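To keep things clear, I will list the structure first and then write my remarks on it.
All heavy atoms count here, side chains included; hydrogens, waters and symmetry mates do not. Bear in mind the structure is a predicted one, so any value in this text is a computation, not a measurement.
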Amino acid sequence: MKELNRTYDPSREEEIYSRWLSKGYFRAKVNPDKTPYAIMIPPPNITDKLHVGHALNNTIQDIIIRAKRMQGYETLWLPGTDHAAISTEVQVVKAIAKEGKTKESMGREAFLERVWEWQKEYGGTIVNQLKKLGSSCDWDRERFTMDPGLSDAVLEAFIRLYDEGKIYRGERLINWCVKCQTTISDAEVEHEDGEGRLYHFKYNVVDSPDTIAFATTRPETMLGDTAIAVHPEDPRYTALIGKSVFVPIVNRQIPIIADTYVDPEYGTGAVKVTPAHDPNDFEIGERHNLPRINIMNDDGTINQNGGPYQGLTREAARTRIIEEMNEKGLYIKTETITHAKGTHDRCNVIVEPLIKLQWFVRMEELAKPALEAYTSGKLKFNRERFGKVYQHWLEIIRDWCISRQIWWGHRIPAYYCTAGHVTIAKAPPTACATCGDTKLKQDEDTLDTWFSSALWPFSTLGWPQKTPDLEYFYPTNVLVTAPEIIFFWVVRMVFMGYKFMGEAPFTDVVIHGIVRDDQGRKMSKSLGNGIDPLEIVEKYGADVMRLTMVNGNAIENDTRFYWERVEFSRNFMNKLWNASRFVLMNLDEETANEPPVALEDRWITSRINALTKEVTEKLDSHELGLAAQKIVDFIWDEFCDWYVEIVKPRLYANKNGDAGPEALASRRSAQATLRTTLITALKLLHPIAPFITEDIFLALQSEEETIMLSLWPAHDDTQADPAAEKAIETVKEAVRAIRNIRAEKQVPPAQKISVIIQPSDPSAQELYTGSKGFIGFLANASAVEVRVSNSDIAAPEGNKDVVSTVLSNATLYIPLEIDTEKEKARLTKERQKLQQELARIEGKLSNQGFVGKAPASLIAEEREKQQMYAAMLEKVEAELAAL
RNA sequence: GGGCGCAUAGCUCAGUUGGGAGAGCGCCUGCCUUACAAGCAGGAUGUCAUAGGUUCAAGUCCUGUUGUGCCCACCA
């Protein structure tokens with residue numbers, strides 16, 4: 001038999017992983033004989049370094065894919081990375097800044113070359129880190145969102161959508177980041193409540209002594225005011241509608257208009273209207289044909305429309321305007337309020353609404369099938385609440401601004417001639433499609449990163465080509481991601497999937513929570529509270545990391561990171577390792593597989609059969625935390641603490657094979673059960689802890705070359721043995737009772753005791769007779785005597801010094817010196833407990849409602865318990881009387 | 001402002017068709033028992049936030065309240 005090292009060495013993981021790689025176990029093939037099962041990795045950004053969030057996300061995916069692989073599916077877990085347009089560009093801009101360069105000074109081409117260099121150098125970092133986690137991705141199929149193939153898919157999708165009128169170019173108010181100098185989508189704007197100031201001013205009504213008061217949080221936008229709006233039915237203002245007010249800072253007269261958007265109850269009931277810098281005002285402007293005066297440059301400074309304020313930053317302009325209004329006697333007051341500020345999620349700078357000519361995806365039609373997929377139940381979320389988020393987002397969806405004013409990304413395939421006609425083409429066209437002009441200029445903008453990510457589930461499989469991969473693996477099965485990605489990505493993948501493939505890209509979405517620090521805070525760079533998963537892998541191994549990520553957690557909830565939990569996982573691996581060493585030490589070369597015969601063997605076989613069923617179900621429903629916990633509990637508690645201990649006498653007593661053929665046969669069957677049980681447990685654990693299970697598996701058997709591709713245990717109802725389970729439970733109860741007495745009486749471990757068991761009935765007598773060998777071993781008793789069941793001798797005659805305790809199917813007597821008073825107190829307590837239980841049951845059974853409406857099986861169960869407790873109570877009374 | 005979570009043992013959390021409250025860590029006691037002291041055995045600890053309701057039966061379903069967290073949102 002092979003041997004295992006004295007302690008488990010997680011540094012062996014690397015060697016095991018390279019073996020799997022070289023054997024090609026992760027590789028997926030198009031195999032018509034098998035059912036495909038595919039997961040597309042949420043591609044990490046090339047700017048990312050592996051953090052705990054990735055560790056959790058990828059652990060979940062690997063657990064699912066490894067289980068499915070063992071269950072006989074043709075599994076594909078496709079890995080890759082995302083070009084992360086803005087993040088990457090920001091990083092590279094920083095890098096070149098150190099060399100005194102800027103994007104502009106380098107020029108577009110040179111800059112992009114530089115980004116590609118950066119990508120080659122750092123883009124693979126996270127991929128290599130994923131390997132350290134044990135991820136069983138098909139690395140031959142690794143993709144990058146800016147691969148030639150994927151880039152082609154992006155252009156293809158753009159052109160098709162454009163041709164259908166689903167992509168258009170238009171002037172809209174968009175979110176502008178003055179720092180990154182680009183538009184950003186609504187989803188990229190973070191809203192945060194913060195303290196702000198609400199400034200109250202008034203404008204003079206032209207040709208009238210009246211003034212109109214209003215309030216604003218952004219006084220600088222007064223430069224772009226083109227109206228004052230009031231509610232049409234507001235009696236305070238009806239007379240003024242149609243008149244004008246004078247905006248002093250820019251010497252402009254603007255009309256007073258009526259619009260129902262204005263809430264007469266709020267503030268003064270009058271609103272300044274700046275169509276070029278506020279979404280609501282933009283709409284009011286549309287309705288009333290107001291001019292849109294853009295007052296801001298792309299960098300956030302005031303432009304020529306700001307007159308004397310030109311060149312000032314938005315903040316400085318604000319201060320000066322307040323001053324000027326004050327000088328003119330038009331300033332009223334300033335209030336401190338809390339209000340939401342929109343900031344860019346990448347750089348935290350306040351977003352400025354600006355009017356720009358941008359590219360948009362028309363969402364109304366595209367959203368319909370995506371919404372229907374959820375409402376009809378075709379697309380399932382692991383929790384309904386996540387589905388509601390998805391649904392809600394689709395219901396309020398607005399057109400998607402997809403153009404970005406940055407260089408790193410897929411350049412928009414639009415070419416403009418001198419006359420301004422647009423030609424859309426994959427490759428630069430030679431002439432304008434409208435007028436034939438040959439002087440063409442490509443659109444400067446690139447596409448939102450999420451445009452390419454939205455195509456990920458099929459672009460990675462070769463779309464728009466009709467590849468065998470695409471045919472076989474699409475649609476994929478499950479998508480695993482974090483909740484904040486639902487609208488960025490999940491929604492967009494689904495509608496693109498319907499648009500181009502005719503069906504949703506996956507059937508199940510598993511949303512998981514985030515890993516927080518031990519105080520419940522988000523891990524962040526600024527707090528410095530991040531945990532490096534690689535540090536854990538380095539120190540404890542990936543198995544420990546992986547188990548810690550999922551064990552006992554409901555994955556949809558946030559979890560806190562505790563080193564104590566890491567240590568628990570480490571302790572568990574150690575336990576498993578040592579138990580396996582024990583099993584190996586006690587197997588013989590000739591140990592064969594044989595069916596369980598002995599009660600305890602049937603018990604553990606029945607138990608692991610039940611475990612198999614449970615774990616398979618929990619994995620199927622993606623309740624990985626529960627699955628992990630069940631396996632851990634089984635291995636540690638039932639297998640190690642009970643079964644291994646129970647069979648020790650059978651293994652030890654016949655070590656030399658000289659205790660007779662019957663004893664040898666008993667040893668052999670114990671060995672067989674030990675091994676098969678352990679192997680099954682290893683298989684169930686393998687998706688969670690792939691490395692240690694492989695090592696042990698290879699030592700335990702020689703038929704198969706890896707546990708990875710071994711067959712998932714089938715649960716088999718014929719293996720269920722409720723009678724054996726119940727029997728062993730009562731034996732455990734007896735052992736615990738004896739141990740308890742030993743502890744209570746402080747019997748030193750070296751002191752052997754003897755135990756007398758008085759069974760209540762013949763079947764109990766048979767049970768204890770058959771089990772007395774290991775009962776003695778487990779309870780550290782030198783002799784166990786099982787009496788005849790119907791003998792009514794209360795206590796061993798002639799000896800007053802006996803501790804007695806009543807079990808459900810027997811009474812135990814342990815000859816020990818006793819303190820009569822203490823014994824009385826103990827038995828009285830037992831009696832009280834039984835009386836309480838009986839009272840509870842009798843209360844239930846005498847309740848007409850319960851007897852009339854509860855299921856018959858439950859009532860029968862209660863009656864059974866009632867009888868059992870009554871019998872036990874009688875015995876306790878007898879023991880008390882005998883004292 | 002709207003929506004969605006969470007509140008269970010000292011701490012962190014499980015508990016998915018409603019049927020006698022669980023784990024890990026921590027704590028107390030005793031053990032280096034030849035697989036494992038990263039271990040073994042034994043033990044203590046809960047008005048399952050709060051007030052109602054539905055039910056024979058509620059940690060579990062419904063409503064209100066309080067505390068707490070997240071997401072969404074154009075109220076000047």
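- Comparing the same atom, P, in B/U45 and in B/G52 gives a spacing of 28 Å after rounding to whole Å.
- For the side chain to side chain contact (heavy atoms under 4.5 Å, CB included) test, residues two or more places apart in sequence or in another chain that qualify with A/E614 are A/K630.
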Watson-Crick and G-U pairing of RNA chain B, under 3.5 Å, as dot-bracket with | and [ ]: (((((((..((((.....[..)))).(((((.......))))).....(((((..]....))))))))))))....
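- B/C70 and B/G24: their C1' atoms are spaced 26 Å apart (whole Å).
- When heavy atoms are screened at a 4.0 angstrom cut-off, A/G852 is found touching no nucleic acid atom at all.
- Listed pair A/R560 / B/C13 meets the phosphate criterion, a side-chain N or O lying under 4.0 Å from OP1 or OP2.
- Judged by distance alone, the side chain of A/N574 and the main-chain N or O of A/T7 form no donor-acceptor pair under 3.5 Å.
- Separating the C1' atom of B/A41 from that of B/U55 is a span of 44 Å, rounded to the nearest Å.
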Expected rows: protein N/O vs nucleotides 53-61 of chain B N/O, under 3.5 Å:
{"residue": "B/C56", "atom": "OP1", "partner": "A/K853", "partner atom": "NZ", "Å": "2.0"}
{"residue": "B/C56", "atom": "O2'", "partner": "A/N847", "partner atom": "ND2", "Å": "2.9"}

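- Counting any heavy atom pair closer than 4.0 Å across all strands shown, A/A579 reaches a base atom.
- A/V851 meets the side chain to side chain contact (heavy atoms under 4.5 Å, CB included) test with A/R863; sequence neighbours excluded.
- Under the ring-ring contact (aromatic ring centres under 6.0 Å, His included) criterion, A/F488 pairs with A/W450, not counting sequence neighbours.
- For A/K833 and A/Y869, the positive end is not near the middle of the six-membered ring at less than 6.0 Å and at most 45° from its axis.
- Ring planes of A/Y199 and A/F201: parallel class, angle under 30° (limits at 30 and 60°).
- No contact: A/F777 has no heavy atom under 4.0 Å from any strand.
- Among pairs with a residue in residues 633-642 of chain A, those fulfilling side chain to side chain donor-acceptor pair (under 3.5 Å) read A/R607-A/E638, at least two apart in sequence or across chains.
- Spacing of P atoms, B/G43 relative to B/A23, comes out at 12 Å, to the nearest Å.
- Sorted pairs that involve residues 845-857 of chain A and meet side chain to side chain donor-acceptor pair (under 3.5 Å), not counting sequence neighbours, are lacking altogether.
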Distances under 3.5 Å between nitrogen or oxygen atoms of protein and nucleotides 70-76 of chain B:
{"residue": "B/C74", "atom": "OP1", "partner": "A/R398", "partner atom": "NH2", "Å": "3.4"}
{"residue": "B/C74", "atom": "O2'", "partner": "A/N280", "partner atom": "ND2", "Å": "3.1"}
{"residue": "B/C74", "atom": "N1", "partner": "A/N280", "partner atom": "OD1", "Å": "3.3"}
{"residue": "B/C74", "atom": "O2", "partner": "A/N280", "partner atom": "OD1", "Å": "2.3"}
{"residue": "B/C74", "atom": "O2", "partner": "A/N280", "partner atom": "ND2", "Å": "2.5"}
{"residue": "B/C74", "atom": "N3", "partner": "A/N280", "partner atom": "OD1", "Å": "3.1"}
{"residue": "B/A76", "atom": "O2'", "partner": "A/A215", "partner atom": "O", "Å": "2.6"}
{"residue": "B/A76", "atom": "N6", "partner": "A/D263", "partner atom": "O", "Å": "2.6"}
{"residue": "B/A76", "atom": "N6", "partner": "A/Y266", "partner atom": "O", "Å": "2.7"}
{"residue": "B/A76", "atom": "N1", "partner": "A/D263", "partner atom": "N", "Å": "3.3"}

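- Nucleic acid contact for A/I486: none, since no nucleic acid atom lies under 4.0 Å from a heavy atom of the residue.
- Put simply, A/Y390 has no side-chain N or O that comes within less than 4.0 Å of OP1 or OP2 on B/G3.
- Judged as a salt bridge (Lys or Arg N to Asp or Glu O under 4.0 Å), and not counting sequence neighbours, A/R560 has no contacts.
- Using a 4.0 Å heavy-atom distance criterion, A/N557 is classed as a sugar-phosphate-only contact.
- If you check every strand for non-hydrogen atoms under 4.0 Å, A/K648 touches a base.
- The side chain to side chain contact (heavy atoms under 4.5 Å, CB included) test applied to A/T274 returns A/T221, A/D225, A/K272, A/H277, A/D281, not counting sequence neighbours.
- With hydrogens and angles left out, the side-chain atoms of A/E335 and A/H200 include a donor and acceptor closer than 3.5 Å.
- The C1' atoms of B/G22 and B/A44 are separated by 16 Å, rounded to the nearest whole Å.
- Atom CZ of A/R197 has 12 or fewer heavy atoms from other residues, nucleotides or ligands within 6.0 Å.
- As rounded to the nearest Å, B/C74 and B/G18 have C1' atoms that lie 45 Å from one another.
- One can place CZ of A/F386 at 18 Å from P of B/G3, the figure rounded to the nearest angstrom.
- In this structure, A/R675 atom CZ and B/A35 atom P are separated by 20 Å, rounded to whole Å.
- The separation of B/C75 from B/U60, taken at their P atoms, amounts to 37 Å, rounded to a whole angstrom.
- Within 6.0 Å of atom CD in A/E395, more than 12 heavy atoms from other residues, nucleotides or ligands are found, so the atom counts as buried in its surroundings.
- Separating the P atom of B/G67 from that of B/U50 is a span of 16 Å, rounded to the nearest Å.
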Heavy-atom protein contacts under 4.0 Å, nucleotides 38-44 of chain B, coded B base, S sugar-phosphate only, - none: BSSSSS-
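- In this structure, A/K865 reaches the bases: a heavy-atom distance under 4.0 Å links it to at least one base atom across the strands shown.
- Residues passing the side chain to side chain contact (heavy atoms under 4.5 Å, CB included) test with A/S808 are A/T730, A/E733, A/M868, A/M872, sequence neighbours excluded.
- Side-chain N or O atoms of A/D558 include one that pairs as donor or acceptor with a backbone N or O of A/I514 at under 3.5 Å.
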